[in-house]
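Below is one structure; the comments refer to it alone.
Given the structure is predicted, the values throughout are model-derived calculations rather than measurements.
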Amino acid sequence: LAWASRRAKGDRDIADARPPDALLVGIAQLLAILPGISRSGFTIATGIARQFTQVEAARFSFLLGVPAVAAAGLLELRTLLAAGGVPGPAWLGVLVAAIAGYASIAFLLRMLERTGLGIYAMYCLVVGVLALVLL
């Protein structure tokens with residue numbers, strides 16, 4: 001993220017995205033399954049490497065994350081339905097998670113417009129070190 005923040009000279013937006021861009025960001029998303037790799041951070045950095053602006057790389061990253069998150073949710077829904085149904089509180093959890101996710105993405109995009117990726121890179125570093133120390 002710190003490297004991408006300094007490198008960010010791209011001028012492309014989502015409308016300029018081509019299949020190779022989606023393929024490479026998708027591969028970055030796949031590699032982010034490895035422990036310690038931020039999915040959004042790695043895919044945003046990949047988008048920046050493909051010459052997208054920081055904000056557009058983030059939008060592209062989140063857009064390409066929707067199918068993975070939706071598929072995981074549907075898989076879990078299938079498991080819950082097979083076990084007898086979805087408990088009522090789970091639906092409230094889905095609603096709260098959706099609202100929090102949308103608000104988090106909106107906040108991150110506004111932050112990127114104002115400050116760039118540097119602060120997000122520092123946040124990931126601090127949280128990562130804390131996780132290593134505390135866990």
Side-chain polar contacts of residues 103-116 - donor-acceptor pairs under 3.5 angstrom, sequence neighbours left out - could you list them?
{"unit_1": "S104", "atom_1": "OG", "unit_2": "A100", "atom_2": "O", "d": "2.8"}
{"unit_1": "T115", "atom_1": "OG1", "unit_2": "M111", "atom_2": "O", "d": "2.9"}

So [Y] and [X], do their side chains get closer than 4.5 Å, heavy atoms only?
X: R12; Y: D21; value: yes
X: I119; Y: Y123; value: no
X: V86; Y: W91; value: yes
X: L117; Y: I44; value: yes
X: Q51; Y: E56; value: no

Taking only residues two or more places apart in sequence, or in another chain, which ones meet R39 in a salt bridge (charged side-chain N to carboxylate O under 4.0 Å, His left out)?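 R39 satisfies salt bridge (charged side-chain N to carboxylate O under 4.0 Å, His left out) with no residue once adjacent residues are dropped.
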Contacts under 3.5 angstrom, residues 61-79 side chains, donor-acceptor by atom type, not counting sequence neighbours:
{"unit_1": "S61", "atom_1": "OG", "unit_2": "T43", "atom_2": "OG1", "d": "2.4"}
{"unit_1": "T79", "atom_1": "OG1", "unit_2": "L75", "atom_2": "O", "d": "3.1"}

Are [X] and [Y] connected, step by step, through hydrophobic side chains (Ile, Leu, Val, Met, Phe, Trp, Tyr) whose heavy atoms are closer than 4.5 Å?
X: L34; Y: F42; result: yes
X: V129; Y: M122; result: yes
X: L132; Y: I37; result: no
X: V133; Y: L125; result: yes

Say you draw a straight line from CD1 of I27 to CG of L23; how long is it, rounded to the nearest 0.5 Å?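 With rounding to 0.5 Å, CD1 (I27) is 4.0 Å from CG (L23).
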Report the hydrophobic cluster partners of L92, with the cluster defined as I, L, V, M, F, W, Y residues connected by side-chain heavy atoms closer than 4.5 angstrom, directly or transitively.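 Noted: L92 shares its cluster with V96.
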What's in the same ILVMFWY side-chain cluster as L135, cut-off under 4.5 Å, chained through other members?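 Listed partners: none, L135 stands alone.
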Could you work out, with side-chain contact (heavy atoms from CB on, under 4.5 Å) as the rule, every residue matching P89, not counting sequence neighbours?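 For P89, the residues satisfying side-chain contact (heavy atoms from CB on, under 4.5 Å) (neighbours in sequence not counted) are P87.
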Closest non-hydrogen atom pair, G10 against T53: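 Result for this residue pair: O-CG2, 3.4 Å.
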What pair of heavy atoms forms the shortest contact from F60 to A17, and how long is it?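 Heavy-atom minimum between the residues: CZ-CB, 3.9 Å.
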Over 12 non-hydrogen atoms of neighbours within 6.0 angstrom of CG in L130: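 Yes, because the 6.0 Å sphere around CG of L130 holds more than 12 heavy atoms from other groups.
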Are any side-chain N or O atoms of Q54 and backbone N or O atoms of I48, one a donor and one an acceptor, separated by less than 3.5 Å?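 Such a contact is absent between Q54 side chain and I48 backbone.
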